[in-house]
There are 2 protein chains.
Amino acid sequence: MANIVIVEDDHFLREELQHILQKEGYSVVSISTFDAPVEAIIQANPSLVLLDLNLPDMSGFQICRTLKAKGVGPILVLTARNQLRDELHALELGADDFLNKPCHPKRLIARIEKLQQLYATMPRLLKWAQFTLDERGNILYAAQQSVALSENEAIMMKLFINNSPAIVTKEQLFIELWGSSEFVDENILQVNMTRLRKTLDKVGMSRSIKTVRGIGYQLIGGETS
Amino acid sequence: MANIVIVEDDHFLREELQHILQKEGYSVVSISTFDAPVEAIIQANPSLVLLDLNLPDMSGFQICRTLKAKGVGPILVLTARNQLRDELHALELGADDFLNKPCHPKRLIARIEKLQQLYATMPRLLKWAQFTLDERGNILYAAQQSVALSENEAIMMKLFINNSPAIVTKEQLFIELWGSSEFVDENILQVNMTRLRKTLDKVGMSRSIKTVRGIGYQLIGGETS
DNA sequence: TCAAACCTTACGCCAACTGTAAGAGTAATT
DNA sequence: AATTACTCTTACAGTTGGCGTAAGGTTTGA
C-alpha cells in the first residue's frame, strides 16, 4: 500500500501537496512539525516521507537523520531555499532525494515513483563496521564472504548492528525474538547465541560477539581471524 | 571498486567530468556515443553510469532503457536542456537520478554517492518488464509486492527473465534444473511450473507464464490482475 | 573452592521444499 | 464427436533445515 507521510508546517502547502498526491491514488497522512513528528511518522509506517525543510529551526535535518537511523522508508526533502548547502546536508543526513520548491507536480510524482521503485527493488542494507546485513534476504556480508542467516540469527544480528557498539541486553534480545522477557527459559537464548556465533565463524568472524556477564552481549568490530 | 562510466559526446565536458570524479577517487571510463556504447558499457561493468542526454538523436533514451534492461548499475542522467519532459522521460525509462547542467561538482558527487549507497554493494538484480529478481536472496519483486522464491522457482524465473520475451524450451529448463534432459520424467517439470505460477499469483502476476504447446513456456509482460 | 552464569551438544518436532504418482483437464486432429 | 497427445493439478512421502527442550559441561569471580 502506497502510504505517504507529509511533514510540512505551512497549512496551505500541506493541503496542496496532499491534494496532488491523493489524485495520484496515494494514501496521505499530513503531520505538522510540532506533533512529535518522528514517533508519529514511524507509527504511520509510510512507504515514503515527504519532508519540508522550511522549518524555522534546524529540526528538519534532525528529523531526517532520526528517521533514517530508524530505518523508515525513503525520504524526499522539499525546500524553498535554493541552496546547494542544504541539499548536500540533507543528502548526507540520509535524505534520498531533494527537490526545490516550487516544483511541478509531475516532477514531484515522477521522483516519488522513482524512489518507491528504488526502495522496493533495492536490498535494504544495515551496516556496522565490517558487517553488512541484507534485511530482506537475511544475508550477512562480512569481509569478503557472505552467509545466509536463519530468521532468528538475522533478528539478533539486526539488533546488534542497530545498537553497536553498545551492549545489547538479554532482555532486548528476548523481546525482539519472543516478544517478552517473561516465561522464557534463559537457555534458549544461549543456544541461539551459540548458533549465531557458529554462523559468524563461517565468514571468519570469530569472537565478534563478546558476552557481558550478567547483562547481555556486545558486537565488536572484529578482525578477520 | 567504484567504477564509473561516462557517456558523453562533448570531448571537453568529458575531460572535465572525468577530472572531477577522479579527484574523488573514482576510477573512470569515458565512452563516446558512437562506440557501440551499450556493449562497451556492459563490458566495463560499472558501479554507476553517468549518461549525457545531449545527444543529437534520441539514442540517449534508448541507451538508458537498454542499460536498465541489462541490469547495469544505477544510471545518473545529465542534460543541458532544462526540460521537465526530458526528466520525466528519462526517469520513466529507468534512469535513477537526473541533474541539469551546469551542475556544481559537489552536487554531482553528492548525488553519485547517494545513488551508490542506495544501490549499495554487489547484488545482481535481474529485470524484465515489471519483474525484478534478486538472485542472491531469491526474492522476486513485481509491481509493489515481493515474494520469496524457492531454489527451483528462482532458477526457472532466472531463465525466463534472461530469455524474455523468447520462448524457453522444456529442454532448457531441464538442463538448468537437473543438468540434463535425459532420464527425467516430464511431469516433474509440470509440477514445478504449477508451483512457480502459484507463487507468481501471490504478487498478482497471474497468467504471466504462457505455455507453448510442445515446445516450452514463455514469460509475458503481464498485468496486475 | 564453590556457585552462579554461561556454553555446548544431542534430541525431537515442525514447516518448507522437492520428487513421485495418479487422475483430470485441454487442445488439436480426424 | 471421438481420439489422442499433451498439459495441469492434487495428494503423498522423503529430506532438510530451523527451532525449542533438556541435560550436562565449562568458565568466571569472589
Side-chain angles (χ1 to χ4, degrees), chain A residues 137-140 147-160 167-202 205-220, chain B residues 137-140 146-160 167-202 206-220:
Chain A
N138 287 355
I139 303 174
L140 180 71
V147 242
L149 300 185
S150 75
E151 197 55 34
N152 274 4
E153 289 169 339
I155 290 173
M156 290 188 286
M157 207 56 203
K158 195 169 153 183
L159 241 192
F160 280 117
I167 297 171
V168 175
T169 67
K170 287 183 283 186
E171 186 171 7
Q172 279 179 279
L173 286 160
F174 271 122
I175 290 174
E176 213 60 43
L177 283 165
W178 300 285
S180 146
S181 62
E182 318 264 335
F183 313 116
V184 187
D185 182 4
E186 258 220 27
N187 177 249
I188 181 58
L189 180 56
Q190 296 163 359
V191 171
N192 275 277
M193 282 303 313
T194 297
R195 285 171 180 159
L196 176 56
R197 279 171 169 154
K198 205 169 279 175
T199 302
L200 289 184
D201 276 6
K202 286 187 197 164
M205 291 289 147
S206 326
R207 280 182 292 291
S208 291
I209 296 180
K210 207 177 73 184
T211 119
V212 183
R213 205 176 170 79
I215 314 248
Y217 301 85
Q218 186 178 19
L219 181 62
I220 58 182
Chain B
N138 286 356
I139 303 175
L140 180 72
S146 66
V147 244
L149 300 185
S150 76
E151 198 55 34
N152 275 2
E153 288 169 340
I155 290 172
M156 291 189 285
M157 207 56 203
K158 193 170 152 183
L159 241 192
F160 280 118
I167 297 172
V168 175
T169 67
K170 287 183 282 185
E171 188 171 7
Q172 279 180 278
L173 285 161
F174 270 122
I175 290 173
E176 213 60 44
L177 282 166
W178 300 285
S180 146
S181 62
E182 318 264 335
F183 314 117
V184 188
D185 183 4
E186 260 220 26
N187 177 247
I188 180 58
L189 180 56
Q190 297 163 358
V191 172
N192 275 276
M193 282 304 312
T194 298
R195 286 173 180 155
L196 176 57
R197 280 170 167 155
K198 206 169 278 175
T199 301
L200 291 184
D201 277 7
K202 287 188 196 164
S206 325
R207 279 182 294 291
S208 291
I209 296 180
K210 208 176 74 183
T211 121
V212 183
R213 205 176 170 81
I215 313 245
Y217 301 85
Q218 186 179 19
L219 180 62
I220 58 181

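Quick note: numbers below take in every heavy atom, side chains included, and nothing from hydrogens, waters or symmetry partners. Throughout, protein chains are lettered first and strands after them, A, B, ... in sequence-line order, and every chain is numbered starting at 1.
The distance from the CZ atom of A/Phe160 to the CD atom of A/Gln218 is 9.0 Å, given to the nearest 0.5 Å. Between atom CG of residue A/Leu200 and atom CG of residue A/Leu140 there is a gap of 6.5 Å, rounded to the nearest 0.5 Å. Distance check, rounded to the nearest 0.5 Å: OG of B/Ser150 to CD1 of B/Ile155 gives 8.5 Å. In this structure, CD1 in A/Ile209 is found 5.5 Å from CE in A/Met157, a value given to the nearest 0.5 Å. Atom CG of B/Leu177 sits about 8.5 Å away from atom CD1 of B/Ile188, to the nearest 0.5 Å.
Test A/Gln172, A/Glu176, A/Met193 against A/Met156 for side chain to side chain contact (heavy atoms under 4.5 Å, CB included) and you get one pass: A/Met193.
Between the P atom of C/dC7 and the CG atom of A/Leu200 lies a distance of 14 Å, rounded to the nearest Å. In this structure, CE of A/Met193 is placed 17 Å from C1' of D/dG18, rounded to the nearest angstrom. At whole-Å resolution of the value, CG in A/Leu196 and P in D/dG20 are 14 Å apart. In this structure, CD1 of A/Ile188 is placed 14 Å from C1' of C/dC6, rounded to the nearest angstrom. Between the CZ atom of A/Arg207 and the C1' atom of C/dC7 there is a distance of 15 Å, given to the nearest Å. Following rounding to the nearest Å, A/Leu189 (CG) and C/dC7 (P) show an atom-to-atom distance of 9 Å. Look at CZ on A/Arg213: it is 16 Å from P on D/dT26, rounded to the nearest Å. Put simply, CD on A/Glu186 is 8 Å from P on C/dA5, counting in whole angstrom units.
If you find the closest nucleotide of DNA chain D to A/Asn152 and to A/Val191, the one lying nearer the 5' end belongs to A/Asn152.
No hydrogens or angles were tested; on distance alone, a donor-acceptor pair under 3.5 Å links the side chain of A/Asn187 to the base of D/dA22. Not a single donor-acceptor pair, N or O on each side, falls under 3.5 Å between the base of D/dG17 and the side chain of A/Arg195.
Comparing the local axis fitted to the first five base pairs of the helix from C/dT1-D/dA30 to C/dT30-D/dA1 with the one fitted to its last five gives a bend of 20°, rounded to 10°.
Dashed line: the shortest gap from a side-chain N or O of A/Lys170 to OP1 or OP2 of C/dC6 is under 4.0 Å. At the phosphate of D/dG20, OP1 or OP2 sits under 4.0 Å from a side-chain N or O atom of A/Asn192. Taking side-chain N and O atoms only, B/Lys198 has a distance below 4.0 Å to OP1 or OP2 of D/dT10. Within the 4.0 Å cut-off from OP1 or OP2 of C/dT18, not a single side-chain nitrogen or oxygen of B/Trp178 is found. B/Arg197 has a side-chain polar atom (N or O) that falls below the 4.0 Å cut-off from OP1 or OP2 of D/dC8. For B/Tyr217, no side-chain nitrogen or oxygen approaches OP1 or OP2 of D/dC6 to under 4.0 Å. Under 4.0 angstrom from either OP1 or OP2 of D/dG17 there lies no side-chain N or O belonging to A/Ser150.
In this structure, the side chains of B/Tyr217 and B/Leu173 come closer than 4.5 Å at one or more pairs of heavy atoms.
Among the atoms of the strands shown, base atoms are found under 4.0 Å from some heavy atom of A/Thr194. Residue contacts shown for B/Glu151 are limited to sugar-phosphate atoms, with no base heavy atom under 4.0 Å away.
Contact check on B/Glu153 versus B/Arg195 returns no salt bridge, with no Lys/Arg side-chain nitrogen under 4.0 Å from an Asp/Glu carboxylate oxygen.
Listed nucleotides C/dC7, C/dT20, C/dA28 differ in distance to A/Gln190; the shortest reach to its side chain belongs to C/dC7.
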